[in-house]
Amino acid sequence: SWVSDIRNIRTNLNEGRYDRDSTGISIFKELLQNADDAGNSGASFVTLGLCDGLPNARHELLKSPALYVINDGPFEKHDEKNISSFGENSKSLDSTKIGKFGLGLKSVFHLCEAFFYVYSDAEEDQLSIKIGLVNPWSSGGNDGIHNNWNRLESVDFRNMQDALSPLCDGKKCFSLWIPLRKQSQLDGNQSISPYFPGDHLPNWFESKALLRDVAMTLPMLKHLNEVRAYKGSGRSAKQLYSVNVSNVSRRRKPTFDLQLAETHEFSG
């Protein structure tokens, strides 16, 4: 039930080690790892973004400031069951799927009450783009709280396409849209976490600390080659920076020999 889902999420969040001032940095690093683990070859790029929301949207959550995370890792329709699983760590379901849909992904509830995901299940058909909502407050019917969030109108569908598609490099991508928590979203109900980044936009997104941690994390991953950061969304998004691992860079080996006798350098 939704009650047990909320309880499980809160338990998992409380067990994590997050400093509120750097929560987003920790979560982004976990999402980079998730993208790198996707499928057999991982994602080649990840785009991180912060925007003021979609002013023309009708959905309440889409009007809020949001973080988005885009990557070109594989995602299939049956993975929707895993991404909505709260009662168990989905790493046990399929360890090769994007994000493994485990606690790394669920950590975004530090920032939001619900989040959207966008994907395409066809290689070249733009009409195949699908949008889903992970809303732990609702069981899908009339049972629960915030059931109105489950309705997404066609204008919202188009707004999300316009916001994300220009940042996908023409590739088949999987995207997260994370509406930052605001007091006004709660309708008098208790929040999952007492952190409201939507009311006071986080300064860690444009900080040197995030750039530094992204640069330090990238060479430690197996597949991911580039991480980009943007302010805004759609065609008007402004790129803040791009970090990449070039052909002459050195990254970690696929497996480590525990008896490694020599120093191994990382660079990106």
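Here the structure is a predicted model, which is why all the values come from computation and not from measurement.
Ion pairing between Asp213 and Lys29 holds under the 4.0 Å rule for side-chain N and carboxylate O. In this structure, Asp5 does not pair ionically with Lys106, as no charged nitrogen and carboxylate oxygen lie closer than 4.0 Å.
For Glu206, the salt bridge (charged side-chain N to carboxylate O under 4.0 Å, His left out) partners two or more places apart in sequence, or in a different chain, are Lys231. Remark: Ser242 pairs with Glu226 by the side-chain hydrogen bond (donor to acceptor under 3.5 Å, both in side chains) rule, at least two apart or across chains. Listed by chain and residue number, Trp137, Trp149 satisfy the ring-ring contact (aromatic ring centres under 6.0 Å, His included) test with His146 (two or more places apart in sequence, or in another chain). For Ser233, there are no side-chain hydrogen bond (donor to acceptor under 3.5 Å, both in side chains) partners, not counting sequence neighbours. The side chain to side chain contact (heavy atoms under 4.5 Å, CB included) search around Pro65 returns Leu180, Lys182, Leu201, not counting sequence neighbours. Take Tyr230 and apply the side-chain hydrogen bond (donor to acceptor under 3.5 Å, both in side chains) test, not counting sequence neighbours, and it matches no residue. By the side chain to side chain contact (heavy atoms under 4.5 Å, CB included) test, Ser207 is found to be paired with Ile25, Trp204, Ala209, Leu210, residues two or more places apart in sequence or in another chain being considered. Annotation: side chain to side chain contact (heavy atoms under 4.5 Å, CB included) contacts of Gln183 (sequence neighbours excluded): Leu186, Phe196, Asp199.
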Would you check, one step at a time, whether the test side chain to side chain contact (heavy atoms under 4.5 Å, CB included) holds for Asn56 with Val155? CA-CA 8 Å; Asn56 297 323; Val155 64; 5.7 Å; no

Could you walk me through whether Leu31 and Leu176 pass the side chain to side chain contact (heavy atoms under 4.5 Å, CB included) check? CA-CA 10 Å; Leu31 295 178; Leu176 294 176; 4.2 Å; yes

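Residues Ile27 and Val108 are in side-chain contact: their nearest non-hydrogen atoms beyond the backbone lie under 4.5 Å apart. Looking at heavy atoms from C-beta onward, Trp2 lies in side-chain contact with Ile145 at the 4.5 angstrom threshold. For the pair Trp177/Ile70, no side-chain contact is recorded, criterion being any heavy-atom separation below 4.5 Å from C-beta on. Side-chain contact check for Val46 versus Val69: some heavy-atom pair is nearer than 4.5 Å. A 4.5 Å side-chain heavy-atom check between Phe116 and Ile131 finds at least one atom pair inside the cut-off. Within the 4.5 Å cutoff, no side-chain heavy atoms of Leu133 are placed close to those of Tyr117. Looking at heavy atoms from C-beta onward, Leu32 lies in side-chain contact with Val214 at the 4.5 angstrom threshold. Contact of the Phe45 side chain with the Asn244 side chain is not registered, since no non-hydrogen atoms from C-beta on lie closer than 4.5 Å.
The distance from the CZ atom of Phe157 to the NE2 atom of His59 is 14.5 Å, given to the nearest 0.5 Å. One finds the CG atom of Leu62 at 5.5 Å from the CG atom of Leu54 (value rounded to the nearest 0.5 Å). Within the model, atoms SG of Cys112 and CD1 of Ile192 stand 7.0 Å from one another, a figure rounded to the nearest 0.5 Å.
A side-chain donor from one of Ser64 and Gln185 sits under 3.5 Å from a side-chain acceptor of the other. Side-chain contact check for Asp37 and Gln33: at least one donor-acceptor pair (N or O, by modelled atom type) lies under 3.5 Å.
Not one N or O on the side chain of Asn71 forms a donor-acceptor pair closer than 3.5 Å with the backbone of Ala35. Within the 3.5 Å criterion, the main-chain N or O of Ser191 finds no donor-acceptor partner in the side chain of Arg181.
The side chain to side chain donor-acceptor pair (under 3.5 Å) analysis of residues 43-54, with sequence neighbours excluded, yields the pairs Ser44-Asp72. Residue pairs satisfying the salt bridge (Lys or Arg N to Asp or Glu O under 4.0 Å) criterion with at least one member in residues 152-163, sequence neighbours excluded, are listed as follows: Arg58-Glu153.
Between Pro179 and Ala114 the shortest heavy-atom distance is CD-O, 3.3 Å.
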